Q: 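Once you've had a glance at the structure underneath, I'll fire off some questions.
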Amino acid sequence: MQANESTTSMEVENVVNKPKPVAFPSKPNFEPLKAHEISEGRVQFRKVSVPSHRYTPLKKVWMEIYTPIYEQMKVDIRMNLKARKVELKTRPDTPDISNLQKCADFVHAFMLGFDVIDAIALLRMDELYVESFEIKDVKTLRGEHLSRAIGRLSGKGGKTKFAIENSTKTRIVIADTKIHILGSFANIKVARDSLCSLILGSPAGKVYSKLRAVSARLAERF
């Protein structure tokens, strides 16, 4: 009996008062930082060189480039005539620091030879890239062999190039031996594979049939 009484008394003593729930302060709601606040008040700059053959086209479409960059992306832009460079910088009201890089990519895409209508997609969509490579990266060709390879890439009246662009939802610029592709990562890969096949000597018909199969697979996925 004495043992039972001792255990019950110990049990009573071990009962501890439960702590009251602590009332935590409400979750703070911070406003997103502006571009100049992220960089500690420093102005961010980007410079894009203007090749000599793109100087006249840039003059013609300057307002089409200037308006979306200045008004929509809230980034300052000017043409430095002495250095022949397009200069971009953030403003106090630039909403996002990434806008500066998007604008630089947009201007760079135009310098590579893309139309303003196509290049402006870089400002509006996040998952677009420009990939560049040369024909010699795929196969070393010289003289007439190189000319025939460039001809195969374009096709009669640009037919082959347009077919690849339309089926892969990309834009392609063939500038001498350099090739630039604008599009999403997966679409660029499909377009690049088709172009590489043409460089290596595949006939256009074989590339078309392969494109049909791949583009049908891409359409099913999305």
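Worth knowing before you read on, the calculation uses all heavy atoms, side chains too, and leaves out hydrogens, waters and symmetry mates. A quick note: this is a predicted structure, and the numbers were derived from the prediction, not measured.
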Q: Using the rule that two of Ile, Leu, Val, Met, Phe, Trp, Tyr join whenever any of their side-chain heavy atoms come within less than 4.5 Å, decide whether Phe133 and Val130 are in one cluster.
A: no
Q: Check this for me: does any side-chain nitrogen of one of Asp93 and Arg91 sit under 4.0 Å from a carboxylate oxygen of the other?
A: yes
Q: Quick one: CG on Asp118 to CD on Glu165, what's the gap to the nearest 0.5 Å?
A: 7.5 Å
Q: What distance do Leu195 atom CG and Ile174 atom CD1 have between them, rounded to the nearest 0.5 Å?
A: 6.5 Å
Q: Return the CD1 to CG distance between Ile164 and Leu153, rounded to the nearest 0.5 Å.
A: 7.0 Å
Q: How long is the gap from NZ on Lys102 to CD1 on Ile97, to the nearest 0.5 Å?
A: 12.5 Å
Q: I'd like to know if the side chain of Thr67 reaches the main chain of Glu64, judged simply by a donor and an acceptor atom lying under 3.5 Å from each other, with no hydrogens or angles considered.
A: no
Q: Would you say that His180 contacts Lys178 through its side chain, given a criterion of any heavy-atom pair below 4.5 Å between the two side chains?
A: yes
Q: Going from CG on Asn187 to OH on Tyr129, what distance comes out if it is rounded to the nearest 0.5 angstrom?
A: 12.0 Å
Q: Are Arg124 and Phe106 in a cation-pi contact, defined as NZ or CZ under 6.0 Å from the six-membered ring centre and within 45° of the axis?
A: no
Q: Once salt bridge (Lys or Arg N to Asp or Glu O under 4.0 Å) is applied, do any residues pair with Arg192, and if so which ones, sequence neighbours excluded?
A: Glu131
Q: Can you name the residues that form a side chain to side chain contact (heavy atoms under 4.5 Å, CB included) with Lys89, not counting sequence neighbours?
A: Val43, Phe45, Asp76
